[in-house]
Every structure is written in C-alpha cells, then in structure tokens.
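Below is one structure; the comments refer to it alone.
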Amino acid sequence: MRQLEDLRLQGQHFCTDAPYYRLLNAEQLTLSQNLKSEESTMAAEVLGWWGVPLGILAGTLRGSAPFLFVSLGECLTEKSGKINLGLEGTLLTGAMSAYAISYQTGSPWLGVLAAGLAGMVLGCIHAWLCIQPKVNDIAVGIAMIIFGSGIAFFFGKPFIQPSATQLPSLPLGAWSHLPPVQSALQICPLFLLGVAIAPLMQWFFKSTRWGLFIRAVGDSPDAAKAMGISINKVRMLCIIAGSFLAGIGGAYLSLYYPGSWTERISSGQGLMAVALVIFARWNPVQCLYASLLFGGAQAIGPALQSVGVDSYYYLFNASPYILTLAIMIITCSPKRTLTGAPGSLGTST
C-alpha cells in the first residue's frame, strides 16, 4: 500500500508529462492488481500446493464478473440479430464513470448506477447507427470502441490518482477458521447479481412474450415483421440493455477488482466476451459457466507464482487470450455447425 501511495504522490508532479504519466499509469495498475491478487493467493502461500486450487477458485470468483456482465449484454444483443463489438469501449466508460461518481459522492452504488447509465448512452448511439441503411455492424463496433475509450481516457485523467470508495464484499468464508479461506471466499454482491441474471435471462428468452419477440427478430426478421413486430425497436432496446450490463461490468473492474481506474483496466475483456458468447452457444446460463472458465484462466498465473512457479509466468497470464484464440479457431471450423446462432446474425437484414 505504501508503494501505491508513493506513486500517487509522484503523480501530483508528473501527471502533466506524457511519458511519466504513461509510466505511472502502468505501474499503478500493476501494483493495484498485485495488492488484490495477494488476497486470492494467500491460501496458496500458507497451504502450499493444496492452496493452489483455492487460489484459483478465489481468482475465479473475483475475475469472472466482468466477463459475465459483458457476455450477458452481448448475448442479449446478438439474440436480436446484431453484433456489438463496441462493448470494450462501453466497459472502459463504465469503469471510469463508476470510479468518478464513487469518488465524488462517496457511494459506490451510485457509481454502479452511473456506469450502467453511461453504458446506455453509448448503447443509444450504437443502436441508432446500426439501424441506419447500409451500415455495417462491425465497422460501427470498431468506431464505438475508439469513441468509448477516448471518452473514458479524456474524462478519466483527473481520477487516476484519487482513491474512490470501493464496493463491499460478502464474507462467505466466515464458516472457516482459516484466514486464507476467509480471504479467498470474499465475494462482491455484483457477482451474485450477475449469477442471478443469467438464469433469469434464459427464462426471459424462453417463457416471455418479449423474449419470443427478440428470438423472432434474431432468427427471422421477415417472419417477425409479418407478425407486426418492430424490428428496429426490438434491436435498439436490446443493444441499449446489453450496453447497460456491460457498463456495470466496468463498475466491477474499477470499484472492486482490481479496484482502481487506469487506462489499461479492461485488458480486452469486452472483445473476449464476443468469443465467450459464441463458446456459450448464445445461452445465458452457459455464458455464466464460460465466464467462470475465463476468470479461472486469469487466476492460474498468480496462484502458481505464489508457490514458487515463476517459469512461464507470462504464458499463464496469457491464458484468457490463448483460450479466446482456441475458441475462435474451433468454432470457425467449416466442418462444425454453430448451434444456437441467431439466423440473421451477421446479415444486413
């Protein structure tokens, strides 16, 4: 903590100098992640090799929430037949908004709400652009990544040094007398909210009138139009709601894990969520399972390092990206059929 405070003090002198600013930004993010990962890997340090699975479990519970919220938002969007690659920018904007509001008001929950609303604003822009004739979803998504990232970096600079109020955690390990277990099983309420949303969203798609409308628009726009369903209205609402969820995922990043605001905080999780949705076959509950898998992949490196396995450390840290590439290679094989894919996904209709 002393190192992090020293860097904050140094930032008061160097924040106007671009090279020093970038160095400070990178070092602060690294220190913040290390401080958070100490709690996740404490079990591995105390219990030896037996603590490695517990360390990975702790990292899974803490690192999977951003994947979960963004993938659920993308799943909702793609069910309507649209692709939103701009959720990476939405994730960053949500993280910045949550941190700024939490710092200004002292309430992290107001920060979470602000992150969702910021995501909805970007979602409105993305949705309006996507319903224009002859507009390509991929091009719009790339533009929204740049726009959302630029907004977050520009307005977020004053909030890199200050310390915002963080989200609370639930002590699910209170039943154990071992401090490492107690530390590893501290869970943010936002994660439990995401776990609850996954089955609710699956029920929504299968058992509600609006869920039927969304699936009809995503699978067969012509049939939905014949039923009197407004295709543009349904898709706009899905994109906006999906962006709201992605914004909340950003709030989790800045207000809980790793619990700071820097420009590198997302690490491409918004883009990886697109591959995660494909891997989950557009099923919200399977998105939950896939998010836990990706979160666990992130925790392998720190857990092994805590027991002295320093070899191939960077390779283990790259596990989520390797997993993403593997999923894309497997699912894009011409010999495999993507079950569950909306019929109009990727088309111009």
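These figures come from a predicted structure and were not determined experimentally.
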Are the side chain of [X] and the backbone of [Y] linked by a donor-acceptor contact shorter than 3.5 Å?
| X | Y | value |
| --- | --- | --- |
| Gln132 | Trp128 | yes |
| Gln166 | Ala164 | yes |
| Ser102 | Thr165 | yes |
| Ser344 | Gly218 | yes |
| Asp219 | Gly343 | yes |
| Ser71 | Leu68 | yes |

Could you see if [X] belongs to whatever hydrophobic cluster contains [Y]? Use Ile, Leu, Val, Met, Phe, Trp, Tyr and a side-chain cutoff under 4.5 Å.
| X | Y | answer |
| --- | --- | --- |
| Ile160 | Ile151 | yes |
| Leu345 | Leu212 | no |
| Leu170 | Leu185 | yes |
| Leu117 | Leu92 | yes |
| Leu245 | Val121 | no |

Looking at [X] and [Y], what are the two nearest heavy atoms and their distance?
| X | Y | value |
| --- | --- | --- |
| Val112 | Ala98 | N-CB, 4.4 Å |
| Arg235 | Ser80 | NE-O, 2.8 Å |
| Ser169 | Tyr256 | CB-OH, 3.4 Å |
| Leu271 | Glu88 | N-OE1, 3.5 Å |
| Ala198 | Leu288 | CB-CB, 4.1 Å |
| Trp261 | Ala152 | CZ2-O, 3.4 Å |

Legend entry - Shared-cluster residues of Ile101, by chain and number - hydrophobic side chains joined below 4.5 Å: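 Leu110, all in the cluster of Ile101.
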As an exercise, state the distance from [atom1] of [X] to [atom2] of [Y], rounded to the nearest 0.5 Å.
| X | Y | atom1 | atom2 | result |
| --- | --- | --- | --- | --- |
| Leu167 | Leu255 | CG | CG | 5.0 Å |
| Phe155 | Ser97 | CZ | OG | 9.5 Å |
| Leu76 | Cys287 | CG | SG | 10.5 Å |
| Ser64 | Gln269 | OG | CD | 10.0 Å |
| Cys124 | Ile240 | SG | CD1 | 3.5 Å |
| Met236 | His126 | CE | NE2 | 11.0 Å |

Inset, instruction - Output, in order, the C-alpha distance, side-chain angles, deciding distance and verdict of side chain to side chain contact (heavy atoms under 4.5 Å, CB included) for Cys130 and Val140. - result: CA-CA 7 Å; Cys130 283; Val140 172; 4.1 Å; yes
Inset, instruction - Begin with the C-alpha distance, continue with both residues' side-chain angles, and end with the deciding distance and a verdict on side chain to side chain contact (heavy atoms under 4.5 Å, CB included) for Gln186 and Arg62. - result: CA-CA 9 Å; Gln186 291 183 356; Arg62 294 181 182 180; 3.7 Å; yes
Taking the side chain as C-beta and beyond, is there a heavy-atom pair between [X] and [Y] under 4.5 Å?
| X | Y | value |
| --- | --- | --- |
| Glu74 | Ile83 | yes |
| Thr324 | Phe294 | yes |
| Cys188 | Tyr257 | no |

Inset, instruction - May I ask you to decide if the ring planes of Trp210 and Phe213 are parallel, tilted or perpendicular, using 30° and 60° as cut-offs? - result: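 It falls in the perpendicular class, over 60°.
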Legend entry - Chi angles and distances behind the side chain to side chain contact (heavy atoms under 4.5 Å, CB included) call for Phe67, Leu293: CA-CA 10 Å; Phe67 288 114; Leu293 176 63; over 6 Å; no
Inset, instruction - Step through the shown structure and confirm whether more than 12 heavy atoms of other residues, nucleotides or ligands are within 6.0 Å of CZ on Phe204. - result: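 It does: Phe204 CZ has more than 12 such atoms within range.
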Inset, instruction - Decide side chain to side chain contact (heavy atoms under 4.5 Å, CB included) for Val274 and Val277; before the verdict, give the C-alpha distance in whole Å, the side-chain angles of both, and the deciding distance to 0.1 Å. - result: CA-CA 5 Å; Val274 178; Val277 172; 6.0 Å; no
Legend entry - Output field: ring centroids Tyr99/Phe159 closer than 6.0 Å: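 No, the ring centres sit 6.0 Å or more apart.
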